[in-house]
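Below: one structure, written as structure tokens.
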Amino acid sequence: MSQATPEVRMMSASGILGYGFPEASLEAALAREPHMIGVDGGSSDPGPHYLGSGKTLNSRLAMKRDLSLLLRGAIRKGIPMMVGTCGGAGGEPHLQVCADIIREVAREHGLSFKMALIHAEQEKGFLLEQLAAGKIRPLGGAPALQASDIEGAERIVGMMGPEPYRQALAAGAQVILGGRGTDPAPWVALAMHHGLPAAPAWYAGKMLECACNAAIPKKHDCLLVTVGEDFVQAEPMNPELRCTPMSVAVQALHENASPVTRYEPGGIVDSQDCEISAVNERVVRITGMDWKPAPYSIKLEGARRVGFSAFTVAATRDPGLIGQIHSFLEFVRESTATKVRALGIATEDYRLVLRVYGQDGVMGEWEPVKDAQALELSILAEVVASTQEVANAVLSLARVTLLHSDFPGRMCREGNMAFPFSPSDIERGAIYEFMLQHVLDIDDPLRMFPIEYETVGATQ
């Protein structure tokens, strides 16, 4: 840890790496002489596909654009640049994609620096040992974890806290890329590296994790936060945006069940005594936050493959069909099942899902408006099956049944549906589900997150 700094300035570029940000906002932040710049790289919000498949959430082109600007700015100013939850899910493939981009940018611009890669993907053998030792426990109403759950997972990551980032900073790394972590971790680490207390460090990290989500109007843009011994101050770098007490309070509640407490690795952020006040029309200051230490635990995230998927999108504007869509779709399900049985495909080998957008496609059975008459409807038909071949076969039969089935009052003798694409049937490939809602109790916050150092140079 370096000598205590009265105030630390930190910038977050955007909500997630690859979402983009204005270059002018980054330059405005750099002109304020920040102690670090960074960006959160991912989230579980987009679902389990990215963790399971190893694919990145955003395109390599978009991530490279953001990383190139951030890296060059950090090197120019001689400050750290950190990325959390690289590549969208923070597994090993995601971390390596971002590391490759950094090396490529360094070659293109003649940059050299020390880089740290913090790995978050967990070995199954280690997790099985921890399970046998009683160290893994469920959260909420989740069932107890079984060894077969771990063995059947495609990929499992641990959500690191700030300690691995602090370790990398202490080792002199200027560029730090992290696997899966709790979103505030990079900024918490930087503030505490400079000697600031945990409470304002964690509160600042919460403000920075989604950048200008703490400002209005909402936009993917750069947020600068100043942290002191007993305060946090938030300011958007784009003059078109502003932080208000309300926008900051909303971000403090983001993804949190309680309005006043937030559980993090190693403790609880207590904001029940916080005061949120406007410094001016664009800047907000927060005081009164507290940090309550607790036994250390790491939240686990895992994804497992559940089958293969194919889907099609169809639409109808026929008022006669729209008026009896539910009975028609029930006929489609039954007729498709009969045709599928003729192929020798067992019922348990697939699932046909029909979502009707324009009626209840979003809310499903929870839709409170039951009698609205739509002008047109879109039907998304999806098949999830044990193999891609079965998914494709069942979908083909469902699609033709949607298209060429009678219903009472039918006047059109051709097709019932319009299809926007040719081919109409689209393979999704393997699909995944989240399968962990558990934490691992551990004494050493660094044990699960090995750090790999390398010198990146202009000759690479």
Side-chain angles (χ1 to χ4, degrees), residues 40-45 48 50-52 54 84-95 117-168 177-186 188-189 192 198 202 205 209 255-258 261-269 291-304 432-452:
D40 186 28
S43 170
S44 60
D45 291 353
Y50 303 97
L51 182 60
T85 309
C86 280
E92 193 60 24
H94 313 91
L95 181 62
L117 304 183
I118 309 175
H119 304 272
E121 189 164 327
Q122 302 300 307
E123 294 184 0
K124 292 181 180 180
F126 167 76
L127 295 176
L128 290 169
E129 290 174 359
Q130 299 302 304
L131 179 65
K135 297 292 187 180
I136 300 179
R137 53 186 171 87
L139 292 174
L145 190 65
Q146 304 298 318
S148 58
D149 296 322
I150 295 173
E151 292 164 348
E154 196 76 24
R155 183 169 288 104
I156 297 175
V157 293
M159 295 182 66
M160 72 182 78
E163 290 82 4
Y165 290 96
R166 294 183 68 182
Q167 181 83 358
L177 305 181
R180 187 66 169 117
T182 183
D183 293 347
V188 178
M192 296 183 72
W202 275 104
E209 67 179 31
E255 299 179 335
N256 200 48
S258 168
T261 58
R262 187 172 83 249
Y263 292 88
E264 297 287 0
I268 300 170
V269 182
W291 172 257
K292 297 179 178 179
Y296 211 94
S297 63
I298 296 293
K299 189 176 184 297
L300 301 174
E301 286 184 350
R304 63 185 165 210
Y432 304 86
E433 67 178 5
F434 286 126
M435 38 70 68
L436 283 173
Q437 184 66 12
H438 299 74
V439 294
L440 193 160
D441 296 320
I442 197 162
D443 295 328
D444 182 0
L446 299 174
R447 182 181 178 186
M448 296 170 62
F449 308 103
I451 306 174
E452 176 186 358

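For the numbers below, each heavy atom of this structure counts, side chains included, while hydrogens, waters and symmetry mates do not.
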Hey, which of Gln122, Glu92, Glu121 is the one that makes side-chain hydrogen bond (donor to acceptor under 3.5 Å, both in side chains) with Arg155? Glu121

At their closest point, which heavy atom of [X] faces which heavy atom of [Y], and how far apart are they?
| X | Y | value |
| --- | --- | --- |
| Gly54 | His94 | C-NE2, 3.4 Å |
| Glu209 | Asp183 | OE1-CB, 3.2 Å |
| Val188 | Gly205 | CG2-CA, 4.3 Å |
| Gly179 | Tyr165 | O-OH, 4.3 Å |
| Phe449 | Ala120 | CD2-CA, 3.8 Å |
| Ala185 | Pro162 | O-CB, 3.6 Å |

Would one find more than 12 heavy atoms of other residues, nucleotides or ligands at under 6.0 Å from atom [atom1] of [X]?
| X | atom1 | answer |
| --- | --- | --- |
| Asp443 | CG | no |
| Lys124 | NZ | yes |
| Tyr263 | OH | no |

Go through Thr182 and Trp202 one step at a time and tell me if the side chain to side chain contact (heavy atoms under 4.5 Å, CB included) criterion holds. CA-CA 11 Å; Thr182 183; Trp202 275 104; 4.0 Å; yes

Hits for side chain to side chain contact (heavy atoms under 4.5 Å, CB included) against Leu128, two or more places apart or cross-chain, chain-then-number order -> Ala147, Ile150, Glu151

Calculate, to the nearest 0.5 Å, the distance between atoms [atom1] and [atom2] belonging to [X] and [Y] respectively.
| X | Y | atom1 | atom2 | value |
| --- | --- | --- | --- | --- |
| Ile451 | His119 | CD1 | NE2 | 9.0 Å |
| His438 | Ile136 | NE2 | CD1 | 8.0 Å |
| Met435 | Ile156 | CE | CD1 | 5.0 Å |
| Glu255 | Ser44 | CD | OG | 7.0 Å |
| Ile298 | Lys135 | CD1 | NZ | 13.5 Å |
| Arg447 | Tyr296 | CZ | OH | 14.5 Å |

Would Val157 and Thr85 count as a side chain to side chain contact (heavy atoms under 4.5 Å, CB included) here? Give the steps. CA-CA 10 Å; Val157 293; Thr85 309; over 6 Å; no

For Met160 and Met448, what are the C-alpha separation, side-chain angles and deciding distance, and is it a side chain to side chain contact (heavy atoms under 4.5 Å, CB included)? CA-CA 8 Å; Met160 72 182 78; Met448 296 170 62; over 6 Å; no

If you apply the rule side chain to side chain contact (heavy atoms under 4.5 Å, CB included), what do you find for Lys299 with Leu436, and how did you get there? CA-CA 9 Å; Lys299 189 176 184 297; Leu436 283 173; over 6 Å; no

Donor-acceptor contact below 3.5 Å, side chain Asp40 vs main chain Pro184: no

